[in-house]
Amino acid sequence: MISPVFLDIAVVLIGVFVLLYEAFAKDRDKSFVALLGGAGLALVFVLSFFAAPQGGGDAGTAPYWRFYSADFLALFFKRLALLTTIGVLVMAVDYRGVVRRSIFGAEGEAGLGEFFALPVLTCAGLMWMASAVDFVLIFVALELVTVSFYVLVAYLRRNPASLEAGVKYLILGALSTAFFVYGIAWIFGMTGETNLARIAAALATREEVARPVLFGVLLVFVGLGFKVAAVPFQFWVPDVYQGAPTPVTAFLSVGSKAAGFVVLMRVVEAFAAVPWLAPKVLGAVALLAGATLVYGNLAALPQSNLKRLLAYSSIAHAGYLLVAVASLGADLAGVAIGYYLAAYLPMTLLAFAVLIAVTKEVGGDEIGHFGGLARRSPLLAFGMLVAMLSLAGVPFTGGFIGKLLVFVAAFQCGHYWLIALGAVGVAAGFYYYLKVVRAMYWQEPLTVAPLVSARATKVLVIALVASVFLLGVFPQPVLRLLSPRAAAPQTAGAATPAAPAAVSAAAAGH
Amino acid sequence: MSLLILIVAVPLAAAIAVLAGAPARRTALVAAAANLGLSLLALAAYDGARGGYQLRASWPVVPSWGWNFAVGADGLSLLMILLATAVTLAAVWVAGRVPPGGRDEPLFLACVLLLSAGALGAFAALDLFFFYAFHELALIPTFLLIGIWGGEGRYPAAWKITIYLAFGSFVLLLGLIGLVLMLPAGERTLDIPAIQGLAAAGRLDLALADPVYLLLLAGFGILVALFPFHTWAPPAYGAAPTAAAMLHAGVLKKFGLYGLLRLVVPVLPATAEKWVWLLQVLLLGNILYCGLAALGQKRLDLLLGYSSVMHMGYIFLGIAAMNAAGLGGAALLMFGHGLAVAVLFAAAGAVRERTGTLVLDRLGGLGRVMPFVAAVFGFAAFAAVGLPGFANFVGELLVFLGAFARSGERAAWPGFWWTTVLALWGVVISTVYMLRAYRAVFQGELAAEWAAAGADAGAGGGGAGLGDRELPGRWGLILLVGLLLAVGFMPQPALDLVRTAQPVALSAAATAAAGPAAAGPGSPAGERGGAE
């Protein structure tokens with residue numbers, strides 16, 4: 001068994017190594033950098049299964065554990081970050097032609113190495129975010145991620161859309177960071193603590209500081225709402241998603257969101273542990289959730305650009321996740337958030353992987369460009385179909401189980417109006433996701449020439465399709481990672497259904 | 001390995017094989033025929049005397065949540081599975097010639113097979129998750145089938161059915177979540193027999209019963225086109241390619257009724273009694289409003305769409321009666337209606353394929369050039385109307401007997417007598433529009449434009465002509481009509497089969513004071529009536 005801390009350290013070392021390697025090995029094919037980084041991250045992913053959870057919740061013996069928690073939740077999100085980054089690196093290799101065209105005065109593959117190295121460093125930040133239980137470390141990890149994204153979003157220097165996206169992301173990101181720090185300052189001022197568990201303990205009996213603390217909490221929510229794309233802090237999302245290099249968009253959509261949610265979850269859990277604060281904090285999250293659900297789903301309806309559609313879809317999914325955060329009182333809510341994000345990872349990466357492969361060939365990312373894709377490349381069309389169905393929440397895909405768990409948690413907490421808004425959102429989702437399916441399957445293509453795609457992309461698409469289905473029909477392994485207690489077979493309640501099941505299974509075996 | 005697993009797996013495997021490049025038509029036909037054989041085998045393997053759920057198999061998915069991949073069947077499920085496999089065979093056969101649109105056959109047949117697999121999975125599942133999931137799986141092939149190969153007005157129709165049913169499924173999902181949360185905390189499970197057992201033992205927390213019942217009624221109701229949620233059905237069936245309309249109207253739509261019989265009546269009988277007035281009002285909307293709407297239709301496909309929506313009202317009436325006669329009749333009527341409406345849509349599709357139109361005013365006299373289509377359409381129309389000798393007659397008779405048995409309890413439900421009497425008028429309405437449709441399409445003078453085309457066929461003009469000699473899938477249609485007649489003349493085996501599902505429903509209904517007096521005389525009378 002190794003300590004989970006070493007996983008983070010290993011990722012930082014891989015990032016630094018890859019960067020140095022890129023600097024000193026100028027004449028190599030730069031996609032080798034991505035391969036190196038991806039292989040390193042895959043190794044770390046494998047190692048993560050030999051890491052034992054450690055130092056969960058309250059402060060342990062060493063002062064370090066006041067900042068850093070390596071509970072099973074942190075490990076789970078570290079694995080998500082690793083897988084996301086590997087997927088993004090594969091996509092980035094497929095995308096490098098576009099990057100190369102947009103760099104001034106570059107010859108050969110110069111200037112491309114950082115595009116492959118930065119995601120690895122971002123991954124380290126994401127993994128730290130998963131472990132951060134202290135506002136100071138949360139802030140540092142968040143900034144590591146955000147600063148890397150400032151660079152990545154604006155990477156296409158010759159492309160005005162990318163530059164615009166970069167500037168927008170920079171300004172709004174800096175603003176939200178300011179809110180976040182200001183909020184932390186208020187909370188620190190009232191409690192004298194930055195550790196989440198200690199803040200909760202300090203607040204438990206001090207109802208007289210309700211107003212300033214609540215003010216601080218709301219400011220923190222502004223900062224985190226920006227990260228997870230919650231309404232009304234979502235302004236940046238459509239433009240940045242559309243302008244950024246597509247692999248970076250995918251990374252933003254999956255990695256940044258997952259890490260943002262684990263932080264949000266820890267913060268909300270800490271404040272919800274304070275009895276007099278809990279209803280207000282959860283109420284604020286529920287309001288955010290309702291607004292995000294409605295806005296994300298309804299604003300996605302008229303979109304005609306797939307990247308923009310996925311941006312609004314990302315907002316809509318933040319809405320479903322926020323419903324689960326608002327239901328954190330229910331025992332299923334934590335599992336729901338983790339599972340939802342685990343399912344969100346392959347389906348969103350799948351959509352972006354197909355988007356990159358198709359855009360490269362047809363030269364545009366409007367939904368109309370996907371017309372008749374089923375004829376030109378059945379595999380890519382099927383991949384996109386699966387991604388869209390999973391995003392819409394059709395059974396037997398991971399997205400459905402995620403949504404199911406979210407709504408069970410909301411039901412348990414009695415958030416009936418959120419459920420009603422969710423029903424509207426689901427119906428709207430079917431429309432805008434199936435719009436893509438309509439283009440691919442109903443319409444005739446402009447040319448019938450088969451669409452070629454790189455072998456790595458094909459492998460990635462097949463692997464992602466398989467994982468979307470696996471998550472949809474075989475959730476037990478992920479559930480067990482997510483909550484070792486809840487998924488254990490000997491829990492109460494298992495006895496009744498399991499016994500006849502075992503009998504009939506045995507009978508069927510004859 | 002349960003036979004039921006095979007029954008669900010065969011169409012799925014065939015769909016994958018077809019997509020992977022196996023000879024599409026042959027694979028689909030063989031798979032559908034094999035599946036019909038398997039469902040007959042399952043019927044033979046079912047021990048009717050023992051009753052209850054048999055042929056069970058189960059694999060754990062998440063054991064701590066009581067979530068298993070569990071299949072099993074009682075008489076009701078088996079009857080539905082037989083319906084599904086029979087209609088699938090006919091649909092695949094009829095669709096042998098892919099409708100115009102220039103698309104390739106494999107995707108079409110794969111979609112048809114997936115639709116069938118979804119329906120079969122829903123009927124065979126004994127686990128709430130898979131019960132729900134298989135049904136919703138069928139939404140996607142429907143979207144593709146109507147959108148790619150549909151007829152006039154296919155785009156709006158495809159959107160409407162998909163969004164409507166997705167929303168309905170979601171409402172249903174919420175109802176199911178609520179239902180599971182009503183179970184006692186330590187014993188929550190998704191196992192349908194276990195839920196029925198807990199409900200029979202009175203262990204449910206009834207605080208949520210009303211909203212859960214209404215969610216389930218609305219959810220299942222949307223899926224069955226319960227008035228006023230019926231507006232998706234006629235345009236979708238009008239626009240859908242023949243095979244899709246046959247399977248959807250004949251089989252998949254029965255899922256909502258099956259769910260009511262399987263879950264709502266046995267698990268929430270008292271709540272269902274409490275809200276029976278609402279169901280009565282809505283089912284009268286189905287029978288009278290949609291019946292009158294069917295009378296006014298100018299196109300045969302829309303008329304059939306409204307007629308199929310209307311007949312759901314009778315099945316709802318049987319379910320509302322909540323006694324042995326009513327529930328048994330509802331189950332039998334589901335079977336009969338599914339067969340009849342599949343044949344009707346197949347015949348209408350054959351007419352459309354040959355004439356290019358289904359506008360009633362432009363058709364006429366086609367019986368002379370298309371005698372086979374006219375004959376099967378006639379048989380199915382008579383069955384749908386409820387003529388003795390067809391399965392539908394037995395079902396309708398039992399439904400009315402069950403409903404009349406309830407009308408005695410006027411004090412408790414003042415409306416039941418009126419509901420039944422008004423619903424009886426629906427029989428007249430349906431007879432009128434069916435006979436008018438038959439006359440308008442198949443009888444009278446052959447219109448000049450078709451007479452010329454018919455002459456082509458007579459001269460061996462091939463596919464362009466009107467003749468139905470080469471009608472693909474005629475044996476499939478003959479099979480469906482044969483089943484209708486067989487169950488109509490010999491209803492006893494089917495009734496016995498349905499009754500194996502009854503004990504659960506009955507014992508649950510009895511606690512709700514439906515009364516043995518109401519249930520007792522209904523069934524024997526029904527058998528006699530059916531046998532005559």
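Quantities reported herein were computed from a predicted structural model and do not represent experimental measurements. Each chain gets a letter, A, B and so on, in the order the sequences are listed, and its residues count up from 1.
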message: Is the shortest side-chain heavy-atom distance between A/Y416 and B/P211 below 4.5 Å?
response: no

- prompt: What's the shortest heavy-atom distance between B/Y132 and A/P395, and which atoms?
  reply: CE2-CG, 4.1 Å

Approximate separation, where rounding is to 0.5 Å, of B/E136 CD and A/F396 CZ: 10.0 Å

Trace of the side-chain contact (heavy atoms from CB on, under 4.5 Å) decision for A/L404 with B/L173: CA-CA 8 Å; A/L404 177 66; B/L173 181 67; 3.6 Å; yes

- request: For B/V62 and A/Q476, work out which heavy atoms get closest and say how close.
  value: CG1-OE1, 3.4 Å

- prompt: Once you round to the nearest 0.5 Å, how far does CD1 of B/I148 lie from CD of A/E444?
  reply: 9.5 Å

statement: Applying a strict 4.5 Å limit to non-hydrogen atoms, the region of B/F129 in contact with chain A is side chain

message: Just checking A/F430 against B/F167, ring centres under 6.0 Å apart?
response: no

- prompt: With chain B, which of A/V473, A/T397, A/V426 has the greatest number of heavy-atom pairs at distances under 4.5 Å?
  reply: A/V426

Worked verdict on B/W65 versus A/L479 for side-chain contact (heavy atoms from CB on, under 4.5 Å): CA-CA 11 Å; B/W65 296 347; A/L479 286 173; 3.7 Å; yes

message: Quick check on the interface: out of B/L174, B/L144, B/I177, B/V61, who has the most heavy-atom pairs with chain A under 4.5 Å?
response: B/I177

message: Is the ring pair B/Y155/A/W442 parallel, tilted or perpendicular, if the boundaries are 30 and 60 degrees?
response: parallel

- prompt: Going through the checks in order, is the ring-ring contact (aromatic ring centres under 6.0 Å, His included) test met by B/F69 and A/F474?
  reply: CA-CA 10 Å; B/F69 177 61; A/F474 196 46; over 10 Å; no

message: Centroid separation under 6.0 Å, is that true for the rings of A/Y441 and B/F143?
response: no

Interchain contact, A/L389 with chain B, by part (heavy-atom threshold 4.5 Å): side chain

field: Close side-chain approach of A/F382 to B/L19, heavy-atom, < 4.5 Å
entry: no

message: Tell me the closest heavy-atom pair linking B/W159 and A/K435, and the distance in Å.
response: CH2-N, 3.5 Å

- prompt: Counting heavy-atom pairs under 4.5 Å to chain B, which of A/L434, A/V408, A/V437, A/V424 comes out on top?
  reply: A/L434

Verdict with reasoning, B/V180 to A/F411, per side-chain contact (heavy atoms from CB on, under 4.5 Å): CA-CA 11 Å; B/V180 172; A/F411 222 113; over 6 Å; no

